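All remarks here apply to the structure that follows.
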Amino acid sequence: MEKVIIIGSGPAGYTAAIYAARANLAPVLFQGPEPGGQLMTTSDVENYPGFPKGLLGPEMMELFREQAERFGTKVVEAAIKAVDFSTSPFKVTADDNNTYESQTVIISTGACAKRLGLENEKKLYGKGVSACATCDGFFFKDKTVVVVGGGDTAMEESLFLTRFAAKEYVVHRRDSLRASKIMQDRALQHPKIEFLWDSVVLDVLGAEVNRVTGVVIKNLKTGERREIACEGVFAAIGHEPNTKVFEGKIELDKKRYVVTRPGSTATSVEGVFAGGDCVDHKYRQAVTAAGMGCMAAMDAEKWLEAQEA
């Protein structure tokens, strides 16, 4: 039986592993279906402290893994397909059909940005296509960008990008925004932002040169198609937490994010903790995920100590 099992291998999972391993808890970490998480599709990471020259997302995650393994973390290249938190020890079943038992579990399965579902969007992700203005806005200084969406997330992304971009187009499939009134007003009144109503993005251009050069837009009412030259495309249509396997096992909110106690990483099940983007739908940064991973490991360590007392 393990002391700590960590489910997920992004910044939260690996940081939890580093702290748990240094506390002599010999953690076992399951990488999941997308080892390294969202940073594996990020080209340049320039806002993580300690790397003044920046580095590639996959390179950063390899360093995280090396550091976790250095202190004794066992990394299992498998995904968890089922969990049983009803009794102690907890049981998790991997997609290799092996079942593991542990006194504590740390959930760090992250989240996935919702995509537009276009072939070239996938090819150009990290090469002009992004789902995080805070992460990548700096790369589009004095450039033209397209933001897709009409909710608060889209308006927040659009307004943030005005600090860098010379021109923005916001593409929305309806003729009015779903965002809050104050966010709408700010975006509608901004001189850099032009709205393309009742429209969708049909294609992202630039695959042949390996960088975004434009988009194809279709007006849903008139059927008219047009090309817009741009260097960046931001899909701001929301995120999906990777928590399906935990439905009915722990408390999730209405958007399926893991619910934790205020000021803690403790979930609704004693001995199960959570951190990173599967909990945090506000900040969604590598550095904040890593911080929550640290918190989860420390909370798990203290919980184990209390059980032995």
Side-chain angles (χ1 to χ4, degrees), residues 10-11 34 36-48 51 53-61 110-151 153-173 187 190-196 199-219 225-240 277 283-287:
E34 296 182 6
Q38 294 182 78
L39 281 182
M40 297 301 287
T41 58
T42 303
S43 53
D44 294 303
V45 180
E46 296 192 331
N47 56 2
Y48 199 93
F51 299 95
K53 295 181 180 179
L55 76 170
L56 298 175
E59 181 184 357
M60 170 176 275
M61 295 322 301
C112 294
K114 293 179 181 177
R115 305 286 180 91
L116 303 177
L118 306 173
E119 184 62 29
N120 283 338
E121 173 198 22
K122 186 177 180 180
K123 291 179 181 178
L124 293 168
Y125 208 85
K127 300 167 185 175
V129 175
S130 173
C132 180
T134 307
C135 311
D136 300 328
F138 182 80
F139 299 120
F140 297 92
K141 191 173 180 62
D142 298 325
K143 298 184 183 299
T144 299
V145 299
V146 169
V147 176
V148 183
T153 298
M155 295 309 99
E156 288 169 5
E157 300 271 282
S158 300
L159 290 165
F160 182 84
L161 286 166
T162 59
R163 305 179 189 184
F164 309 100
K167 171 72 177 178
E168 282 185 51
Y169 294 94
V170 173
V171 180
H172 186 42
R173 61 170 51 249
H190 202 286
K192 285 188 178 181
I193 300 176
E194 179 179 339
F195 284 83
L196 302 178
S199 299
V200 294
V201 175
L202 289 183
D203 197 9
V204 181
L205 306 176
E208 66 282 354
V209 293
N210 214 29
R211 59 179 173 81
V212 171
T213 59
V215 292
V216 178
I217 305 292
K218 177 183 178 181
N219 185 292
R225 300 187 182 199
R226 58 185 285 207
E227 289 187 13
I228 294 177
C230 66
E231 289 82 16
V233 178
F234 289 80
I237 53 178
H239 287 72
E240 287 280 353
D277 285 11
Y283 298 104
R284 300 196 304 267
Q285 299 298 301
V287 69

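Since this is a predicted model, take the numbers as computed values, not measurements. Worth knowing before you read on, the calculation uses all heavy atoms, side chains too, and leaves out hydrogens, waters and symmetry mates.
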Could you tell me the separation between the [atom1] atom of [X] and the [atom2] atom of [Y], rounded to the nearest 0.5 Å?
{"X": "Asp277", "Y": "Glu240", "atom1": "CG", "atom2": "CD", "result": "13.0 Å"}
{"X": "Thr134", "Y": "Tyr283", "atom1": "OG1", "atom2": "OH", "result": "11.5 Å"}
{"X": "Asp203", "Y": "Lys218", "atom1": "CG", "atom2": "NZ", "result": "13.5 Å"}
{"X": "Asp136", "Y": "Phe164", "atom1": "CG", "atom2": "CZ", "result": "10.5 Å"}
{"X": "Lys127", "Y": "Phe139", "atom1": "NZ", "atom2": "CZ", "result": "14.5 Å"}
{"X": "Arg115", "Y": "Glu121", "atom1": "CZ", "atom2": "CD", "result": "6.0 Å"}

Checking Ile237 against Leu116 for the side-chain contact (heavy atoms from CB on, under 4.5 Å) test, could you report, in this order, the C-alpha distance in whole Å, the side-chain angles of both residues, the deciding distance, and whether it holds?
CA-CA 8 Å; Ile237 53 178; Leu116 303 177; 4.0 Å; yes

For a 4.5 angstrom cut-off between non-hydrogen side-chain atoms, does [X] reach [Y]?
{"X": "Val170", "Y": "Met155", "answer": "yes"}
{"X": "Gln285", "Y": "Pro11", "answer": "no"}
{"X": "Val148", "Y": "Val215", "answer": "no"}
{"X": "Ile228", "Y": "Arg226", "answer": "yes"}
{"X": "Val201", "Y": "Val233", "answer": "no"}
{"X": "Glu227", "Y": "Val216", "answer": "yes"}

[X] versus [Y], closest heavy-atom pair with distance:
{"X": "Tyr169", "Y": "Leu196", "value": "CD2-CD1, 4.0 Å"}
{"X": "Ile193", "Y": "Ser158", "value": "CD1-CB, 4.0 Å"}
{"X": "Cys112", "Y": "Glu34", "value": "SG-OE1, 4.3 Å"}
{"X": "Tyr125", "Y": "Ala131", "value": "OH-CB, 3.2 Å"}
{"X": "Glu157", "Y": "Ala133", "value": "OE1-N, 3.0 Å"}
{"X": "Val171", "Y": "Ser199", "value": "CG1-O, 3.4 Å"}

Between [X] (side chain only) and [Y] (backbone N and O only), is there a donor and an acceptor less than 3.5 Å apart?
{"X": "Glu168", "Y": "Val145", "value": "no"}
{"X": "Asn120", "Y": "Leu205", "value": "no"}
{"X": "Lys192", "Y": "Thr162", "value": "yes"}

Between Asn47 and Val287, is the side-chain contact (heavy atoms from CB on, under 4.5 Å) condition met? List the steps.
CA-CA 9 Å; Asn47 56 2; Val287 69; over 6 Å; no

cation_pi(Lys141, Phe138) dist<6.0 Å, angle<=45:
no

